[in-house]
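Take a look at the structure set out below.
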Amino acid sequence: QVQLVESGGGSVQAGGSLSVSCRASGATYLMGWFREAPGKEREGVAFIYTGRGDTYYTDSVKGRFTISQDNAKNTLLLQMNNLKPEDTAMYYCVAKSGPGGNIWNKHSYRYWGQGTQVTVSS
C-alpha cells in the first residue's frame, strides 16, 4: 500500500510559476501527475520511472513543466513555468508499484493523491 500526500499549487497569473510536490509512503515503480479541469477528462501530464529516471510529458507542457524526484525524501516534484490559463486544473499525484498498463491511462493507477488546485489567471 502506498499513500500519496500532495502539497503546493495555488494561484498565479499567466506566465508565472508554481510547483506541486507529492510524498510517497512506500516504494514506487513509476510516479506522475494527472490533471482534471472542469468539464474535461482527466489527463496525464508528466511521469517518471522512479528507478531509472526516464521522464515523459504530454505535448502541451513540454518545455514548461519539469518532473523530478527527491529520492532521499521519497518525494515527487513538478515545477511548472510559463503557466497558461489552460493549465488551470486539479492536479493529482499517481503511483504504480510495478510494471504494466499504459502510463497515460488513468485506470492503470491504483494509488492517487487527494489532489491540489492550480489556478492560472489571464
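These figures come from a predicted structure and were not determined experimentally.
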**OP:** In sequence, state the C-alpha distance, the side-chain angles, and the governing distance for Phe47 and Tyr57, and then conclude on ring pair (Phe, Tyr, Trp, His ring centres under 6.0 Å).
**Re:** CA-CA 7 Å; Phe47 303 94; Tyr57 298 91; 9.3 Å; no
**OP:** Please tell me if the side chains of Val94 and Trp33 come closer than 4.5 Å, counting only heavy atoms from C-beta onward.
**Re:** no
Subject >> Under 3.5 Å donor-acceptor, Glu6 side chain and Gly115 backbone >> reply: yes
**OP:** For Gln3, look at atom CD and say whether over 12 heavy atoms of other residues, nucleotides or ligands are found less than 6.0 Å away.
**Re:** no
Original post:
Is the backbone N or O of Val120 less than 3.5 Å from a side-chain atom of Thr88, with the two atoms forming a donor-acceptor pair by type?
Top reply: yes
Original post:
For Ser60 and Glu86, what are the C-alpha separation, side-chain angles and deciding distance, and is it a side-chain contact (heavy atoms from CB on, under 4.5 Å)?
Top reply: CA-CA 10 Å; Ser60 63; Glu86 51 264 43; over 6 Å; no
Subject >> Gap separating the CG atom of Leu78 from the CZ atom of Arg35, nearest 0.5 angstrom >> reply: 9.5 Å
Original post:
Is there a path from Met90 to Leu83 through hydrophobic residues (I, L, V, M, F, W, Y) whose side chains come within less than 4.5 Å of each other?
Top reply: no
Subject >> Arg64 atom CZ, over 12 foreign heavy atoms within 6.0 Å >> reply: yes
Original post:
Looking only at side chains, do Thr75 and Ser21 share a donor and an acceptor under 3.5 Å apart?
Top reply: no
**OP:** Decide yes or no on side-chain contact (heavy atoms from CB on, under 4.5 Å) for Leu77 and Ile67, but give the supporting numbers first.
**Re:** CA-CA 6 Å; Leu77 306 170; Ile67 190 170; over 6 Å; no
**OP:** Look at the side-chain heavy atoms of Ile, Leu, Val, Met, Phe, Trp and Tyr, link any pair under 4.5 Å apart, and say whether Tyr56 and Val61 land in one connected group.
**Re:** no
**OP:** Report yes or no: is the cationic atom of Arg42 (NZ for Lys, CZ for Arg) under 6.0 Å from the centre of the six-membered ring of Tyr92, at an angle within 45° of the ring normal?
**Re:** yes
Identify each donor-acceptor pair in which a side-chain atom of residues 9-19 lies under 3.5 Å from a protein atom, sequence neighbours left out, and give them as a table.
from	atom 1	to	atom 2	distance (Å)
Ser17	OG	Asn81	OD1	2.9

Original post:
Does the side-chain contact (heavy atoms from CB on, under 4.5 Å) test come out yes or no for Phe65 and Thr55, once each step is laid out?
Top reply: CA-CA 11 Å; Phe65 290 13; Thr55 58; over 6 Å; no
Original post:
Between Asn74 and Asn71, is there a donor-acceptor pair closer than 3.5 Å when you use the side chain of the first and the backbone of the second?
Top reply: no
**OP:** Evaluate salt bridge (Lys or Arg N to Asp or Glu O under 4.0 Å) for Lys84 paired with Asp87, printing each intermediate quantity in order.
**Re:** CA-CA 5 Å; Lys84 303 177 180 181; Asp87 295 317; over 6 Å; no
Subject >> Atom pair CG/SG of Leu76 and Cys93 - distance to nearest 0.5 Å >> reply: 5.0 Å
Subject >> From CD (Glu41) to NZ (Lys106), nearest 0.5 Å >> reply: 5.0 Å
**OP:** Using the rule that two of Ile, Leu, Val, Met, Phe, Trp, Tyr join whenever any of their side-chain heavy atoms come within less than 4.5 Å, decide whether Tyr109 and Met31 are in one cluster.
**Re:** no
Subject >> Under 3.5 Å donor-acceptor, Gln69 side chain and Thr50 backbone >> reply: yes
**OP:** Keeping the roles fixed (side chain from Arg52, backbone from Ile48), state whether a donor-acceptor pair exists under 3.5 Å.
**Re:** no
Subject >> Any residue meeting side-chain contact (heavy atoms from CB on, under 4.5 Å) with Val2, in chain and number order, not counting sequence neighbours >> reply: Leu4, Ala24, Ser25, Thr28, Tyr111
Original post:
Are Val118 and Val20 close enough, and set up right, to give a side-chain contact (heavy atoms from CB on, under 4.5 Å), and what steps lead you there?
Top reply: CA-CA 9 Å; Val118 170; Val20 289; 4.2 Å; yes
Original post:
Are the ring centres of Tyr29 and Tyr49 closer than 6.0 Å?
Top reply: yes
Original post:
Can you check whether Val45 reaches Phe34 side chain to side chain, under 4.5 Å on heavy atoms?
Top reply: no
